[in-house]
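Position 1 is the first residue of the sequence, and the numbers go up from there. These numbers were taken from a predicted model, which means no experiment stands behind them.
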Amino acid sequence: MVKQNSNKKSRTKLALIWCAFIILIGAIIFALLSAFGALRFWQAEKTPQGETDLAFAAAELPFVHKADLENSLPFLGSAALDIDGDGRDELFLGGGSKQADAIFAFRNKKFEKLPLSFDKGDVDATHGAASLDIDNDGDTDLFTARESGVWFHENTGGTFNSVKLPLNLADNTTPLSIGFGDINKDGLADMYVAGYIKIGLVEGETIFKKEYGGFSYLFLNEGDGQWRDISKSAGVWRQHNTFIGVFADLDNDSDSDLIIAQDTGHVEMYSNNGDMTFSPIENPSVYSYPMGVAVGDYDNDGLVDLYFSNVGYTLPPAILRGDLEKEDPFNPAYMLYHNDGGLQFTDTSEKMNAARYGFGWGTVMADMNLDGREDLLAAQNYARFPVNDLLATYPGKILQNYGDTFRPVEEVSGAENPLFGISPIISDFNGDGWPDLVWANIDGQSLAYVNKGGDRNWIKVRLPNTARSLNARVIVKKSDGLSQTKQVITSQGMGSDQGRDLIFGLGDAQSVESVDVVFQDGMTKSVLKPDNNSIIEIDPSK
C-alpha cells in the first residue's frame, strides 16, 4: 500500500513537472509571438491607400541586377537619358561587380536592350549614374560612379567612348553618386562626388560620432576635360559616409546651392556665396539616416522644397541609435522640408503625412497624375536585412499630393515594388506626355510601369541638356490664375538621374498663358499661349 502511494505521488509529481514545462514552453512561444507581433505592428505603415485615378501597366524590362553583398556596397546606378536625340529617353542600369552595365529603349510596349557596351573590368560594380551634354556637342553624355572611380562615357553619336577620370579620390573611398551644378556660372558643369567608405573598411552601419567614413568632393570644371578639387577652399570638404549631393537654387537667386544626404548624420545644406565658396544653411534635421534627396515645389509657392528618405520604423530606435547618447536627439522618420523663403526650412512631414514609412532609399518629386501638384516617390527595403524572416517588406511609395496631405497609392495604382528598391526613375518613356516609372532594384529584377494616362492636359518644357540649363527656373502660368515652378536638376533619387524634360500637368486649368524661363546667367525666355499637350523647346543660345 505504501509502495502504491509512493508510485502515485511520483507520477503526480512527474505530471506536474510536465505540465509546468508545457506551460513554460507555451509562455515562451506566446512571448515570441507577442514580440514578433509587436515588431510587425511597429514596422507597419499605418496610412491606408488613398483614392486615385492614377493607373499603371507593367512593362517588360529584362534586367536582373546581380549583387555581391559580401564584397560590394549595396547600390546600383540608374538614369533616364536621351542618347540618340529622338526626344525619348533610354534607360541606363548599372551592373554588379561581375555584371555589365546596360541601356534599354522602350519599343513595342516593352524595354529592349540595346547593343551598347561600356569599358568595365570583371570586378567593378556601378553604384551611380548622371547624364549631361558636358562637351556641348549636342548629344547627352553619361557619367558613372564605380568601385574603381568616376567614369566619363562620351556620346559619339549613339555609341560611347569611356575613360576613367583622374580625380585622385582618397584610398578609403568608393564614389556612390554624381551631382552637377554650375557653381560659378561660367557655362561649364561642376561636379559633386559623394563618397562612401570601401566595403572592406566598413566597421558598422550605426556609427554617428566617430570620425569615420569616405570622403566627398567638389570638382570645378576647368574645361578640356580638366577637373580641379576645390572641396576645402569651397567649404564643403568632409569625411562622412555620404549617399548623394544635389544642386538646386534654394532661394531663387540664380545660383547652384548644395544639398547633401549622409549616412548616420544630419541633412547638410550649403548656400552658394557666388565666389566659389559655400556657407552652411541651418535646417531642422537631427541625428538620422537621410538617404535619398527629392527636390520640387510641392505647394506651388515658387520655392523648391526637399524630401529625404530615412530608415523609418523598420527597426526599433534602440537598435538604430548606435553610438548616440541617451540625450542625443534622433529621428528615424522621412523628412519633408518646406522652403519658407530666405533659406529657412520647416519640417512638414508629420503635418503632410509624409513621415512614417519603412526603410527608404532614393526619393523623387514628380506630378504623376498631372493634376498640377508634385507627388513624392520613394524606393524601399534593404538588401542586407533578412526581410523574409524578421523584417517587413514594403511596396515602394507613391505618395499622391492632395493639396493638404499626401496618401500612398502605389497599390491601388498598380505599381508596387516589393523588391530591394534603390531608386525610382521617372521619365515619359513612351512619349505620351505622362510620366512613367521604373523601380531600379538591387540584387533582383528591376520593374517598369507605364502610366495609363487620363484626360488631363499637359505641356512639356525641354531645355538643352547642358550646363547652361542647370538649375534654370521654369514658371508656367495657367488660365486658372495659378502658377507652377520647376527647376532643371540632376541626380534626384539615389545614385540616379531622372528624365530631363519638365512635364507640367494642367490639372483643372484649360490652357497655359505663358512659360517663362530664368537661366542662371541672367538670360530669360518666354513663350505665350502654347498649345496644350505639346513640347516646348527653349534654347537660350537662339
Side-chain angles (χ1 to χ4, degrees), residues 62-63 76-95 99-107 111-122 124-167 175 177-182 186-191 193 219-227 425 427-429 431 438 462-470 488 490-491 495-501 537 539-542:
F63 184 81
L76 179 164
S78 56
L81 70 162
D82 182 4
I83 64 171
D84 55 7
D86 66 351
R88 293 190 188 182
D89 283 337
E90 282 71 45
L91 173 67
F92 171 86
L93 292 171
Q99 181 184 22
D101 301 337
I103 288 187
F104 301 85
F106 189 78
R107 299 169 179 168
F111 285 88
E112 298 180 354
K113 186 177 179 180
L114 299 181
L116 295 173
S117 62
F118 296 87
D119 292 337
K120 185 175 181 180
D122 291 336
D124 195 10
T126 301
H127 293 322
S131 70
L132 195 72
D133 180 5
I134 197 75
D135 49 11
N136 296 309
D137 65 352
D139 51 30
T140 295
D141 307 302
L142 176 68
F143 288 74
T144 56
R146 294 176 175 167
E147 289 176 318
S148 61
V150 176
W151 287 73
F152 168 51
H153 309 278
E154 181 187 8
N155 190 336
T156 58
T159 61
F160 291 91
N161 180 32
S162 302
V163 60
K164 180 183 172 183
L165 298 181
L167 298 182
S177 65
I178 301 161
F180 289 114
D182 185 1
D186 64 352
L188 299 174
D190 309 302
M191 178 170 58
V193 177
F219 292 100
L220 186 72
N221 187 344
E222 297 187 311
D224 297 324
Q226 303 300 308
W227 302 86
I425 300 296
S427 180
D428 179 14
F429 288 108
V438 172
R462 180 177 297 161
L463 307 182
N465 191 15
T466 61
R468 195 172 182 186
S469 298
L470 292 174
V488 177
T490 72
S491 307
S496 59
D497 209 356
Q498 311 302 314
R500 202 69 82 235
D501 289 346
E537 298 191 27
D539 189 337
S541 65
K542 297 180 180 178

Salt bridge (charged side-chain N to carboxylate O under 4.0 Å, His left out) partners of residues 80-93, not counting sequence neighbours, each pair once:
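Pairs touching residues 80-93 that pass the test: none.
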How close do [X] and [Y] get, heavy atom to heavy atom, and via which atoms?
{"X": "Ser469", "Y": "Val488", "answer": "O-CB, 3.3 Å"}
{"X": "Ala80", "Y": "Gly499", "answer": "CB-N, 3.7 Å"}
{"X": "Ser78", "Y": "Leu93", "answer": "CB-CD2, 3.8 Å"}
{"X": "Pro175", "Y": "Val193", "answer": "CB-CG1, 3.7 Å"}
{"X": "Ala467", "Y": "Gly187", "answer": "CB-O, 3.4 Å"}

Pairwise distance [atom1]([X]) to [atom2]([Y]) - rounded to 0.5 angstrom:
{"X": "Thr159", "Y": "Glu154", "atom1": "OG1", "atom2": "CD", "value": "9.0 Å"}
{"X": "Thr144", "Y": "His127", "atom1": "OG1", "atom2": "NE2", "value": "11.0 Å"}
{"X": "Gln226", "Y": "Leu165", "atom1": "CD", "atom2": "CG", "value": "10.0 Å"}
{"X": "Glu222", "Y": "Leu188", "atom1": "CD", "atom2": "CG", "value": "9.5 Å"}

Non-neighbouring partners of Phe143 that pass ring-ring contact (aromatic ring centres under 6.0 Å, His included), sequence neighbours left out
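Counting only residues at least two positions away or on another chain, Phe143 forms a ring-ring contact (aromatic ring centres under 6.0 Å, His included) with Phe152, Phe180.
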By the definition side chain to side chain contact (heavy atoms under 4.5 Å, CB included), identify the one residue from Thr140, Asp141, Leu116 that meets it with Ile83.
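Per the side chain to side chain contact (heavy atoms under 4.5 Å, CB included) rule, the option paired with Ile83 is Leu116, out of Thr140, Asp141, Leu116.
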Heavy-atom side-chain proximity of [X] to [Y] below 4.5 angstrom:
{"X": "Arg500", "Y": "Leu81", "answer": "no"}
{"X": "Gln498", "Y": "Ile425", "answer": "yes"}
{"X": "Trp227", "Y": "Asn221", "answer": "yes"}
{"X": "Leu142", "Y": "Asn155", "answer": "no"}
{"X": "Asp501", "Y": "Asp428", "answer": "no"}
{"X": "Leu132", "Y": "Asn465", "answer": "yes"}
{"X": "Phe219", "Y": "Val150", "answer": "no"}

Are any side-chain N or O atoms of [X] and backbone N or O atoms of [Y], one a donor and one an acceptor, separated by less than 3.5 Å?
{"X": "Thr466", "Y": "Asp133", "value": "no"}
{"X": "Ser491", "Y": "Ile178", "value": "yes"}
{"X": "Lys164", "Y": "Gly149", "value": "no"}
{"X": "Asp539", "Y": "Ser541", "value": "yes"}
{"X": "Glu147", "Y": "Ala125", "value": "yes"}

Going by atom types only, do Thr126 and Asp101 share a side-chain donor-acceptor pair under 3.5 Å?
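There is such a pair between these side chains.
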Counting the benzene-type ring for Trp, do Phe111 and Phe63 have ring centres under 6.0 Å apart?
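Ring centroids of Phe111 and Phe63 are no less than 6.0 Å from each other.
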Can you confirm if the aromatic rings of Phe92 and Phe160 lie within a centre distance of less than 6.0 Å?
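Centroid separation for Phe160 and Phe92: 6.0 Å or greater.
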Under the side-chain contact (heavy atoms from CB on, under 4.5 Å) test, which residues partner Ser177, sequence neighbours left out?
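For Ser177 the side-chain contact (heavy atoms from CB on, under 4.5 Å) partners, ignoring immediate neighbours, are Ala194, Ile244.
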